[in-house]
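Computed from a predicted structure; not experimentally measured. In what follows, every chain begins at residue 1, and chains take the letters A, B, ... in the order their sequences are listed.
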Amino acid sequence: MPRNFRREEIYPKVYFNSYIDDKYKYNRLSINMLMPLEYSTVSDFALLSGVIGKSCKKYDSMMKLNIKLSDLYGANLSSDVIKIGEAQGITLHLSFISNKYTLYKEDVCEQAVKLLFDVLLDPNIDQGMFNNDEVEIEKDRLVELIDSEINDKRRYAITNCLKNMCKDEPYSIPKYGYKDRVEEISSSRLYNSYLNMLKKSRIEVFFVGTDNDEPIKQEVKKLFYNIKRKPINDISTIVNDTVYSVSNITENMNISQSKLVMGFKSGKLKTPEQNIVMMIAMLMYGITSNSKLFLNVRERLSLCYYCSVQYDRYKSILFVDSGIEHEKKDEAVLEILSQLEKMKSGDFSDEEVASALKFYINGYNGLYDSPGSVEAFYLGNVIFGSDLEPDEMIEIAKSVSREDIINICKDINLDTIYFLTGENK
Amino acid sequence: MIDVKSIGERYVKVDHKSGLTIYMCPMKGYSTTYAQFSTRYGSLDTCFKTGSDTDYLKVPEGIAHFLEHKLFEDEDGDAFEKFAKTGAGANASTSFDRTIYEILCTDNFIENLRILINVVTHPYFTDESVEKEQGIIAQEIKMYNDDPGCCSYFNLLKSLYHNHPISIDIAGTVESIRQINKDILYRCYNTFYNLNNMVLSISGNFEVSDVISLCDEMLDKSSNLDIIRKDTDEPDEIKQKLISVKKTISVPIFEIGFKCSPLDTESLVKNIISNNMMLEILAGECSPLFTRLYDMGKITDSLSCSGISNRGMFCNVFSGESNNPQEVLDEILTEISRLRKNSIDKSSFERIKKFYHGKLIMGFSDVESIANSMTSSFIQNRKPFEVMDVLPNIKIDDVICALENNLNFDKIAMSIVEPE
């Protein structure tokens, strides 16, 4: 299947990526600015992502900016921080309907593109600092966001397991930063962080949609021409695959269902090809509803509603998590490990491999049906250092053998058992 | 084929001889095919009979959801295993008024659809399998119990409604699902999984004729049962002003509800759009109300507002996180009064119309949302994508009317989940 994904380095470390397909009804434009994940800068960048999405010089209050967005047929602007491996990024994203679906034949695309770059490059700055009131509001909001990690118990448990597995590594730094650091940021310091980011970050612009991408590329070229940049080198992630001893952590909380998280290290950083083997193995072990964990921990033993794997290819670690009764912890742990042993010893059928493969193919074949998944795929590839296209990945996946799966699973070692429980208070 | 020019799609409706309604929307250029096989049966259906029954049957809370779990299992194994062999993604869900079984695939669609139809039309329940499922669903219920947003939402419905089943938790309770056995499951199945009460919606990459041939081959004529749902006697007044509970969270979560009379079904779509536009003008991200609450730090992030409309009920709900939910309520009331006094200006109305048009276009932009919308039209007895025809004809007076009628100050309830 011929694909028309374009990628061009228009200035050093400023990339323009685009994918155009006539079937889409809306366009998605995003600007991702990537920096290394560091203790000293994480909180500033997190705050910056809140401040720059709220206004700009031309629309100098949140309300004015929102009215403009609403006038652009409810264009959807968001800004957030992302953490991919040991890279932290600020992402600004705007979705807006295609010109062909407007009521009065306006050029929404042109206006939307201008607006997003105004928000990024022409912020509401006065005398070398961001608007103080806006910064204070966003500081409060960020502190509340950091506190709110406790609201989602499943996420909270995984985060705590990760903190233990990767302690003393940048990966344990939370993406929204630290409360005490946020509180000390001033409007002028934030402005310096902003300039620093524009100067040093690796910039990935993505346009996925249906309208013409050429004028957008030219606009990006024009806008970044005057920015004096000194970009950083490529960002790498440390993979530490040694397990010294298994940690057992139990935390009490007033909840009705206990959360079990088991963190595993899965060996050295994988090549893009090895990563495909790993994905097939993980689909079989605990991602699909035909996986070993689903069929045994949930269906056979009736221990839980969910028990599944999340694999992080950037850091070469994985988590198995499940919501269970307090007294079933040991039974669940034993079963999860016993199913992993089956993966390592080759105790799986050819049908299990074939079904994981079909699931894998299904996912990549449908990738181009949504602008969001196209961007997520290529941005992930860029950061992981892979230039494999979906079609090539499918071909490689088809050649994965039983031995490949067994061998890759042999590198998986338990590191941390984290248990969040409502019992024994 | 019926053209829906405003969203650039065409669909076809087939009243199949078996009694099943089939909606199909082939979408050019897409690799994915998505199908929903659904029944007009959800957590609201707690008391019912068919034309031939003398007495109403009252069933345990959570049974529609339980049935959904059990249908994905048959004599020769789990349905998930069958789909796994073909690589399709399969899932099922239960809401207030419907149960949906869905598949998503890029290959072997007809083979997958055959499995889907077979699974849904062949129930197989045993005492052992019912007991096993009780363990799994009990964990699902406990998971939702720990979800503060879910808890806050249902507590609001419990405070607004005395008897209406909208306030029942969709999955039931750990106690109520213990009363479920295979006989009641079969009784519910035989009532609601009648093809005349069901719809098959398909969107994306497929051939219409293949679907028809398969349905001709697999589906026998179903005699139309007359399903009678017992109406609940629901007073106009709210049940209680406040439900407040404590959980391990960081900032209080609130829901504020205005109880309203059920919307007139004749012009349901028009009423829903007018109401939504009114909420957007009152409390959307461009509104003075939202800006004030945000800038003063009275809400932490967003203020969501939406109308909930279903059989025999309608209410408007505002929700968010705040250290002082009572102040948020006061601000909302002040703004409603101000807007009623000054009325809605023409420019905001026109802008919100564009806003709404854009949101609809973006909402109809993938295979899932297209099939979903066709399913909804069957469940609610209306034309698919009707909203696209109705929106241009909404007048400012319709929105003003919603502002006057759908926010009654005497029928307000609040639900709060507070940090421990």
Side-chain angles (χ1 to χ4, degrees), chain A residues 21-26 61-63 66-67 69-76 95-97 100-101 103 133 137 140-141 144-145 147-151 153 253-257 288-290 294-295 298-299 302-306 323-325 351 354-355 357-359 361-362 365-366 368-370, chain B residues 6-8 27-32 78 80-81 83-90 104-107 132-133 135-137 139-140 142-143 145-149 204 247-251 284-286 288 291 294-295 297 300-301 321 351-352 354-359 361-362 364-367 420:
Chain A
D21 193 330
D22 203 34
K23 73 185 171 202
Y24 298 139
K25 297 186 176 110
Y26 67 94
S61 71
M62 188 175 72
M63 188 161 153
N66 283 338
I67 287 174
L69 290 166
S70 159
D71 195 47
L72 289 173
Y73 291 88
N76 185 15
S95 292
F96 48 95
I97 63 169
K100 59 187 171 198
Y101 291 105
L103 293 170
D133 293 343
I137 291 167
D140 288 347
R141 198 181 142 252
E144 272 155 3
L145 189 65
D147 284 341
S148 73
E149 77 162 345
I150 204 166
N151 295 2
K153 311 299 182 265
M253 191 184 268
N254 185 13
I255 45 176
S256 53
Q257 182 187 65
T288 72
S289 44
N290 188 43
F294 188 90
L295 292 183
R298 171 174 150 145
E299 293 294 310
S302 193
L303 288 175
C304 62
Y305 174 62
Y306 68 89
I324 55 172
E325 289 294 319
E351 285 75 38
S355 101
L357 178 63
K358 282 193 171 142
F359 197 87
I361 294 173
N362 210 7
N365 274 342
Y368 296 97
D369 283 355
S370 122
Chain B
S6 49
I7 57 165
M27 294 164 74
K28 241 175 102 182
Y30 284 81
S31 307
T32 313
D78 199 295
F80 287 122
E81 289 182 54
F83 287 117
K85 287 186 181 127
T86 65
L104 184 73
C105 60
T106 55
D107 210 358
K132 183 208 81 177
E133 209 63 33
I136 295 173
I137 296 179
Q139 287 309 318
E140 188 179 358
K142 289 189 170 187
M143 182 178 82
N145 285 347
D146 286 335
D147 180 334
K247 293 215 177 269
T248 311
I249 52 168
S250 53
V251 178
E285 292 196 341
C286 304
T291 309
Y294 191 94
D295 287 351
T300 61
D301 187 13
E321 292 179 7
R351 182 169 44 75
I352 294 300
K354 274 174 79 179
F355 166 92
Y356 209 97
H357 173 84
K359 293 292 180 200
I361 295 291
M362 289 202 252
F364 290 132
S365 65
D366 55 48
V367 291
E420 285 167 324

Between B/Gly204, B/Gly135, B/Gly297, B/Gly89, the one whose heavy-atom pairs under 4.5 Å with chain A are most numerous: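 Most pairs with chain A among the choices: B/Gly135.
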Among B/Thr86, B/Asp366, B/Val367, which has the most heavy-atom pairs under 4.5 Å with chain A?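 Heavy-atom pair counts peak at B/Thr86.
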Do the non-hydrogen side-chain atoms of [X] and [Y] ever get within less than 4.5 Å of each other?
X        : Y        : result
B/Ser250 : A/Glu144 : no
A/Glu299 : B/Ile136 : yes
B/Asn145 : A/Gln257 : no
A/Asp147 : B/Val251 : no
B/Lys28  : A/Lys23  : no
B/Lys142 : A/Glu325 : yes

Nearest 0.5 Å, what's the [atom1]-[atom2] distance between [X] and [Y]?
X        : Y        : atom1 : atom2 : answer
B/Arg351 : A/Ile67  : CZ    : CD1   : 5.0 Å
A/Asp369 : B/Ser365 : CG    : OG    : 11.0 Å
B/Lys132 : A/Arg298 : NZ    : CZ    : 7.5 Å
A/Ile255 : B/Lys247 : CD1   : NZ    : 10.5 Å

If the test is side chain to side chain contact (heavy atoms under 4.5 Å, CB included), which one of B/Asp107, B/Thr32, B/Thr106 qualifies with A/Asn365?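 Going through the options one by one, the only one that passes is B/Thr106.
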A/Ile137: which residues meet the side-chain contact (heavy atoms from CB on, under 4.5 Å) condition with it, sequence neighbours left out?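 Only B/Tyr294, B/Asp295 meet the side-chain contact (heavy atoms from CB on, under 4.5 Å) criterion with A/Ile137.
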Which atoms of B/Leu104 are under 4.5 Å from chain A, going by heavy atoms: the side chain, the backbone, both sets, or neither?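 When you check distances to chain A, only backbone atoms of B/Leu104 fall under 4.5 Å.
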Interface moiety of B/Lys359 toward chain A, non-hydrogen atoms closer than 4.5 Å: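 Both backbone and side chain of B/Lys359 come within 4.5 Å of chain A.
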Evaluate A/Lys358 against B/Lys85 for side-chain contact (heavy atoms from CB on, under 4.5 Å), listing each step before the verdict. CA-CA 8 Å; A/Lys358 282 193 171 142; B/Lys85 287 186 181 127; 5.8 Å; no
Least distance between heavy atoms, B/Thr300 atom then A/Arg141 atom: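 Here B/Thr300 and A/Arg141 meet closest at O-CG, 3.0 Å.
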Any idea which of A/Asn76, A/Asn290, A/Ile97, A/Asn151 has the most non-hydrogen atom pairs under 4.5 angstrom with chain B?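 Looking at each option in turn, the highest pair count goes to A/Asn151.
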Determine, stepwise, if the pair B/Thr248 / A/Asn254 fulfils side-chain hydrogen bond (donor to acceptor under 3.5 Å, both in side chains). CA-CA 6 Å; B/Thr248 311; A/Asn254 185 13; 5.2 Å; no
